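Basis for what follows: all heavy atoms, side chains included, without hydrogens, waters or symmetry-related copies. Computed from a predicted structure; not experimentally measured.
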Amino acid sequence: MCGRATLSKSKAALEKRFRAKFSPIDEDQKIVNYNVAPTQLHPVITNENPDQIQLFKWGLIPFWAKDAKIGSRMINSRIETITEKPSFRNAVKRRRCLVPFDGFYEWKKIDNRKQPYYIHLRTKEVFTMAGIWEKWKNPENDQPVYSFSVITQSPSKFMAPIHDRMPAILLPEAEAKWLDISIPPQEALQLIRPLEDDLLAAYPVSNQVNRVSENNPELLVPFSPDQA
DNA sequence: CCAGACGTTGTT
DNA sequence: GTCTGG
DNA sequence: CCAGACGTTGTT
DNA sequence: GTCTGG
């Protein structure tokens, strides 16, 4: 699955990559993040505003929710069932988004412990995960809250030894199509396929990443079991 | 009809 | 809001 | 995803 | 064990 990730590129670099601009509202928001976690704000590009990069909350809050905290259980949506689930099926028809990252973490079970791995493109470039988004109105104050969920799929041959799920990573040429909601879900979901094995690289990192409060480039230093 | 869930992962 | 279960 | 809390009453 | 928060 996918519940932690990184985005270490500058706002300018993202704007260039996606030919889209951050909203002036988010001028003061820092986006570099070595430990992106659910409930945090993260940049997304939506079908509704493809020329903008907006900050949405990770963990989709269904429009009918009475309470925002349900979002922390909606951080991923399985490609196998996304068109059926009441929480996701409307969003996959009408509200798709690209979620930019330059890496993500997965925890591999080894005996009785869990070893975090960092996974990234060999090129170290930014890539996008296929996402869906939602607008939820907080009944407490009538303020809208925008949130998203990242789609997961079966692991590729490369990912299988590390974990039994992996995020839906889109090839750059599939990005515009994912955002085109005139393409029905059934067809759009076919853009999602296990990534070519030779595009990815992975290595173990220290369990510092377990703590959301740790957030610095040191998290990406390769971990060797013999260090003290 | 009303009440309650609506999700994923991982573990047992 | 909509579906499932009772 | 993992970490950390998980409760009430009453007093400071 | 299960839920909430980040």
Side-chain angles (χ1 to χ4, degrees), chain A residues 1-7 29-43 55-95 99 101-120 129-140 144-155 159-169 185 189 192 202 204-216 218-220 223:
Chain A
M1 77 75 50
C2 184
R4 288 305 169 86
T6 65
L7 183 60
Q29 292 281 336
K30 292 272 177 286
I31 59 146
V32 168
N33 192 336
Y34 295 94
N35 204 345
V36 183
T39 73
Q40 294 177 350
L41 290 176
H42 189 77
L55 299 181
F56 283 16
K57 225 168 129 74
W58 189 1
L60 186 143
I61 307 165
F63 68 99
W64 43 258
K66 295 190 182 69
D67 192 314
K69 43 179 179 262
I70 193 171
S72 62
R73 285 178 288 164
M74 309 276 182
I75 65 172
N76 295 133
S77 24
R78 295 174 63 92
I79 189 173
E80 296 91 338
T81 54
I82 192 172
T83 58
E84 298 156 25
K85 297 293 181 185
S87 299
F88 301 141
R89 60 189 175 201
N90 295 327
V92 76
K93 278 187 212 152
R94 311 178 50 87
R95 291 180 296 280
V99 192
F101 290 112
D102 56 9
F104 59 99
Y105 303 98
E106 296 283 4
W107 280 256
K108 175 177 177 160
K109 269 189 297 174
I110 302 173
D111 304 323
N112 282 332
R113 61 187 199 90
K114 291 176 116 183
Q115 173 65 53
Y117 278 71
Y118 184 60
I119 298 103
H120 60 90
M129 295 187 193
I132 53 178
W133 63 277
E134 190 63 84
K135 177 183 180 177
W136 177 73
K137 204 168 177 185
N138 186 342
E140 309 263 305
V145 178
Y146 294 89
S147 59
F148 68 94
S149 179
V150 166
I151 299 175
T152 63
Q153 61 180 335
S154 294
M159 285 299 300
I162 300 174
H163 202 68
D164 62 355
R165 299 293 291 170
M166 72 180 283
I169 298 171
L189 287 168
I192 295 169
V205 292
S206 116
N207 61 10
Q208 273 186 86
V209 69
N210 292 11
R211 292 175 176 272
V212 172
S213 57
E214 298 285 340
N215 196 325
N216 58 70
E218 305 293 301
L219 297 180
L220 304 186
F223 173 77

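- Stacking between A/W64 and the base of C/dT2 is absent under the criterion of ring centres within 5.5 Å and planes under 30 degrees.
- For the pair A/E214 CD and D/dG4 P, the interatomic distance rounds to 11 Å; values are reported in whole Å.
- Residue A/T39 is in base contact, counting any heavy-atom pair closer than 4.0 Å across all strands shown.
- A side-chain donor-acceptor contact under 3.5 Å links A/S149 to the backbone of A/M74.
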Look for any protein N or O under 3.5 Å of an N or O in nucleotides 3-6 of chain C and output each such pair with its distance, or none.
none

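- Considering every non-hydrogen atom in both A/N35 and A/V209, the closest pair reads ND2-O, 3.1 Å.
- Rounded to a whole Å, the CZ atom of A/F101 is 12 Å from the C1' atom of D/dC1.
- Using a 4.0 Å heavy-atom criterion, one finds that A/F88 contacts the sugar-phosphate atoms exclusively.
- With P as the reference atom, B/dG7 and C/dT4 are 11 Å apart, rounded to whole Å.
- Using a 4.0 Å cut-off, some side-chain N or O of A/T152 falls inside it from OP1 or OP2 of B/dT9.
- Contact annotation: A/T81 reaches the phosphate of B/dT8 (side-chain N/O to OP1 or OP2, under 4.0 Å).
- Ring geometry for A/F148 versus A/W58: interplanar angle under 30°, hence parallel rather than tilted (30 to 60°).
- Within the 3.5 Å criterion, the main-chain N or O of A/L7 finds no donor-acceptor partner in the side chain of A/N33.
- For B/dC6 and D/dG4, the P atoms lie 28 Å apart once the distance is rounded to whole Å.
- With D/dC1, B/dT11, B/dT9 as the candidates, the nucleotide lying closest to the side chain of A/R78 is B/dT9.
- Of the possible polar contacts, none joining the A/E214 side chain to the A/R211 backbone as a donor-acceptor pair under 3.5 Å is found.
- When rounded to the nearest whole Å, the span between CD1 of A/I151 and P of B/dT9 equals 12 Å.
- In this structure, CD1 of A/I132 is placed 11 Å from C1' of B/dG7, rounded to the nearest angstrom.
- Among the protein residues, A/I75 comes within range of the nucleic acid bases, having at least one heavy atom under 4.0 Å from a base atom.
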statement: Symbol by symbol from the 5' end, with Watson-Crick or G-U pairs under 3.5 Å, [ ] crossing and | another strand, DNA chain B is ||||||......
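- When all heavy atoms are compared, the tightest approach of A/I61 to A/S147 is N-OG, 2.9 Å.
- For the pair A/D67 CG and B/dC6 P, the computed distance is 16 Å after rounding to whole Å.
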message: Let's go through A/L219 and A/V205 carefully: what are the C-alpha distance in whole Å and the side-chain angles of both, what is the deciding distance for side-chain contact (heavy atoms from CB on, under 4.5 Å) to 0.1 Å, and is it a yes or a no?
response: CA-CA 7 Å; A/L219 297 180; A/V205 292; over 6 Å; no
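- Here D/dC1 presents its C1' atom at 16 Å from NZ of A/K57, a figure rounded to the nearest Å.
- Between A/R165 and A/E106, the shortest heavy-atom distance links the atoms O-OE2, 3.9 Å.
- Side chain of A/R95 to main chain of A/W133: a donor-acceptor pair is present (N/O by atom type, distance under 3.5 Å, no hydrogens or angles).
- Spacing of P atoms, B/dT12 relative to D/dC2, comes out at 14 Å, to the nearest Å.
- In this structure, A/Y118 and A/Y105 have tilted ring planes: the angle between them lies in the 30° to 60° band.
- A 4.5 Å side-chain heavy-atom check between A/F88 and A/I151 finds every atom pair outside the cut-off.
- No engagement by A/P62 is indicated, since no non-hydrogen atom pair under 4.0 Å with the nucleic acid exists.
- As rounded to the nearest Å, B/dA5 and E/dG6 have P atoms that lie 25 Å from one another.
- Contact check, A/R211 against D/dC2: no side-chain N or O comes under 4.0 Å of OP1 or OP2.
- Rounded to whole angstrom, the span from the CG atom of A/L60 across to the P atom of C/dG1 amounts to 17 Å.
- Side chain of A/R165, nearest nucleotide from B/dT9, B/dG7, D/dC1: B/dT9.
- Among the atoms of the strands shown, none is found under 4.0 Å from any heavy atom of A/N207.
- Going from atom CG of A/D164 over to atom C1' of B/dT8 covers 11 Å, rounded to whole Å.
- Looking at heavy-atom distances under 4.0 Å, A/F63 makes contact with sugar-phosphate atoms alone, never a base.
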